[in-house]
Amino acid sequence: MNSYRIPEIAKQYTEYDMIQIHTDLPDFPELRTRLLFAFLNENNKLSSLSELFTLATALVQLGLDTHDLVTVSNEVKEKKASRSRQLKVLAGDYFSARFYHLLAKTGQIDMIKQLSNAICEVNRLKMTSYTKMKQLKMTAEDYIHLTVEIKSQLFLSFSEVMFGHNKQAWPEILRGFVRCELLFTEIFRIETISKFRGSWGYWHISQHGTREERKLLQGEEVDTTKVRTLLHKYNISSQLYQLLNIQTKQLQDFVKKLESDMLQSELFHMGEPFLRFAGEHPKVLEEI
């Protein structure tokens with residue numbers, strides 16, 4: 001089986017001085033990348049291409065995520081901020097271009113088509129999400145579903161090239177891991193009130209709160225004390241821990257059904273941080 005070294009290979013595309021000095025990049029999609037690589041390596045016909053396919057997909061994802069960091073407005077006049085914004089646009093374009101180049105030079109035209117279609121679906125889902133948020137029609141359930149689908153689409157495109165039981169298992173296991181990762185992030189996100197807007201907790205309170213509470217959330221100025229009071233009132237932390245606990249158990253069940261003991265072992269290792277984290281907070285779950 002090929003050893004996993006995608007982040008190291010990707011550094012030749014991401015560690016440019018201009019990017020590192022003048023702007024920040026989003027986190028590398030490590031978990032999804034490792035998952036895809038593990039599944040592709042399970043098939044003898046795909047193992048020789050696992051590194052190429054995984055690297056190309058990781059670069060596309062990084063390109064999309066980098067563009068998501070670009071501010072909507074270009075009114076910032078400060079030179080440093082303006083340069084950072086410009087480099088994010090260029091970096092995102094560059095990562096996307098490398099994806100085309102890597103697959104085209106090896107004749108993987110069908111994979112270019114599959115990933116291109118997935119990019120279109122990602123953009124459609126982002127517009128759906130943006131519209132719901134703008135119209136204040138987003139629910140907490142919508143937020144989880146749409147975010148997971150947006151993060152999964154590029155990797156889901158590989159369902160067509162997998163075989164046997166893995167073809168059926170891949171979508172559910174991928175979404176399960178992405179959902180765990182998202183819930184894990186949301187638990188820590190509520191600790192920083194400046195990041196609260198647009199979070200799962202924000203949409204949950206918007207969905208179930210009073211008119212006055214919704215008005216408070218939608219205000220331009222964030223009242224830290226009042227928001228923390230709402231977080232406590234609606235048990236946001238406890239609910240997120242419960243959701244993570246449920247999801248980790250469901251994910252365990254999916255992984256146990258895999259036919260490959262080696263793949264099972266690798267996936268349990270990947271999911272261990274979520275299992276350990278959920279297991280460390282039983283008192284929180286009992287408060288619900």
Side-chain angles (χ1 to χ4, degrees), residues 4 6-7 26-40 42 54 57-58 61-62 64-65 68 122 125 129 138-159 162 166 168-192 195-196 198-204 235-258 260 262-288:
Y4 176 75
I6 304 301
D27 293 335
F28 190 80
E30 175 70 14
L31 182 61
R32 284 164 286 169
T33 301
R34 284 186 64 190
L35 274 172
L36 178 60
F37 185 79
F39 268 83
L40 291 178
E42 275 294 301
T54 307
T57 308
Q61 187 66 63
L62 198 57
L64 292 173
D65 293 344
D68 284 343
V122 168
L125 289 166
S129 179
M138 181 75 81
T139 66
E141 293 75 16
D142 289 337
Y143 172 74
I144 293 291
H145 173 73
L146 285 168
T147 305
V148 168
E149 289 303 301
I150 288 169
K151 289 178 174 290
S152 301
Q153 285 306 306
L154 294 181
F155 300 84
L156 283 173
S157 64
F158 286 88
S159 300
M162 294 183 185
N166 284 355
Q168 180 182 357
W170 170 242
E172 289 302 327
I173 288 179
L174 171 64
R175 287 186 175 104
F177 269 100
V178 173
R179 199 172 289 113
C180 283
E181 188 175 43
L182 174 60
L183 292 168
F184 187 81
T185 301
E186 291 293 314
I187 288 171
F188 287 97
R189 184 174 177 178
I190 61 174
E191 297 299 322
T192 307
K195 297 180 180 179
F196 176 66
S199 66
W200 183 90
Y202 177 92
W203 296 115
H204 179 83
N235 296 316
I236 299 302
S237 179
S238 298
Q239 291 197 65
L240 285 169
Y241 276 112
Q242 184 187 47
L243 289 171
L244 178 60
N245 188 52
I246 292 171
Q247 185 56 54
T248 54
K249 290 178 179 178
Q250 290 178 347
L251 188 56
Q252 276 184 305
D253 291 338
F254 280 126
V255 173
K256 288 177 182 177
K257 294 178 183 178
L258 291 171
S260 168
M262 185 177 295
L263 184 58
Q264 272 194 39
S265 177
E266 190 166 357
L267 297 193
F268 276 127
H269 178 70
M270 290 185 207
E272 184 180 1
F274 303 129
L275 292 167
R276 185 171 62 249
F277 185 77
E280 287 173 351
H281 298 81
K283 291 183 178 180
V284 176
L285 296 175
E286 290 171 3
E287 293 174 1
I288 301 173

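Nothing here was measured: the structure is a model prediction, and the numbers come from that model. The chain is numbered in sequence order, starting from 1.
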Which atoms form the tightest heavy-atom contact between [X] and [Y], and what is the distance?
X	Y	value
E181	R32	OE1-NE, 4.4 Å
L251	C180	CD2-SG, 4.1 Å
I236	G201	CG2-CA, 3.8 Å
G198	R189	C-NH2, 3.5 Å
A58	P29	O-CG, 4.1 Å
G176	Q247	CA-NE2, 3.4 Å

Roughly how far, to the nearest 0.5 Å, is [atom2] of [Y] from [atom1] of [X]?
X	Y	atom1	atom2	value
Q239	L243	CD	CG	7.0 Å
R179	H145	CZ	NE2	9.0 Å
Y4	T54	OH	OG1	8.0 Å
E272	H269	CD	NE2	6.5 Å
L263	I173	CG	CD1	7.0 Å
L35	W170	CG	CH2	5.0 Å

Could you check whether any side-chain N or O of T248 sits under 3.5 Å from a backbone N or O of N245, counting only pairs where one atom can act as donor and the other as acceptor?
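Yes; judged by distance alone, with no hydrogens or angles, the pair exists.
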Backbone N or O of V122 within a donor-acceptor pair of the Q153 side chain at under 3.5 Å?
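Not a single qualifying donor-acceptor pair exists.
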Would you call [X] and [Y] a side-chain contact if the rule is heavy atoms closer than 4.5 Å?
X	Y	result
Q61	F28	no
P26	D68	no
L31	F274	yes

Regarding Y143 and E186, is there a side-chain donor-to-acceptor distance under 3.5 Å anywhere?
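A donor-acceptor contact under 3.5 Å links the two side chains.
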Go through the steps to decide whether L267 and M270 satisfy the test side-chain contact (heavy atoms from CB on, under 4.5 Å), and finish with yes or no.
CA-CA 5 Å; L267 297 193; M270 290 185 207; 3.9 Å; yes
Kindly determine whether V178 and F155 satisfy side-chain contact (heavy atoms from CB on, under 4.5 Å), including the steps that lead there.
CA-CA 11 Å; V178 173; F155 300 84; over 6 Å; no
Determine, step by step, whether Q252 and F268 satisfy the side-chain contact (heavy atoms from CB on, under 4.5 Å) criterion, reporting the C-alpha distance in whole Å, the side-chain angles of both residues, the deciding distance to 0.1 Å, and the verdict.
CA-CA 8 Å; Q252 276 184 305; F268 276 127; 4.0 Å; yes
Please walk me through it: do F158 and L40 pass side-chain contact (heavy atoms from CB on, under 4.5 Å)?
CA-CA 9 Å; F158 286 88; L40 291 178; 4.2 Å; yes
Could you tell me whether Q168 atom CD has more than 12 heavy atoms of other residues or ligands within 6.0 Å of it?
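No.
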For F277 and Y241, take the angle between the two ring planes, folded into 0 to 90°, and tell me which bin it lands in: parallel under 30, tilted 30 to 60, perpendicular over 60.
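Rings of F277 and Y241: parallel, as their planes differ by under 30°.
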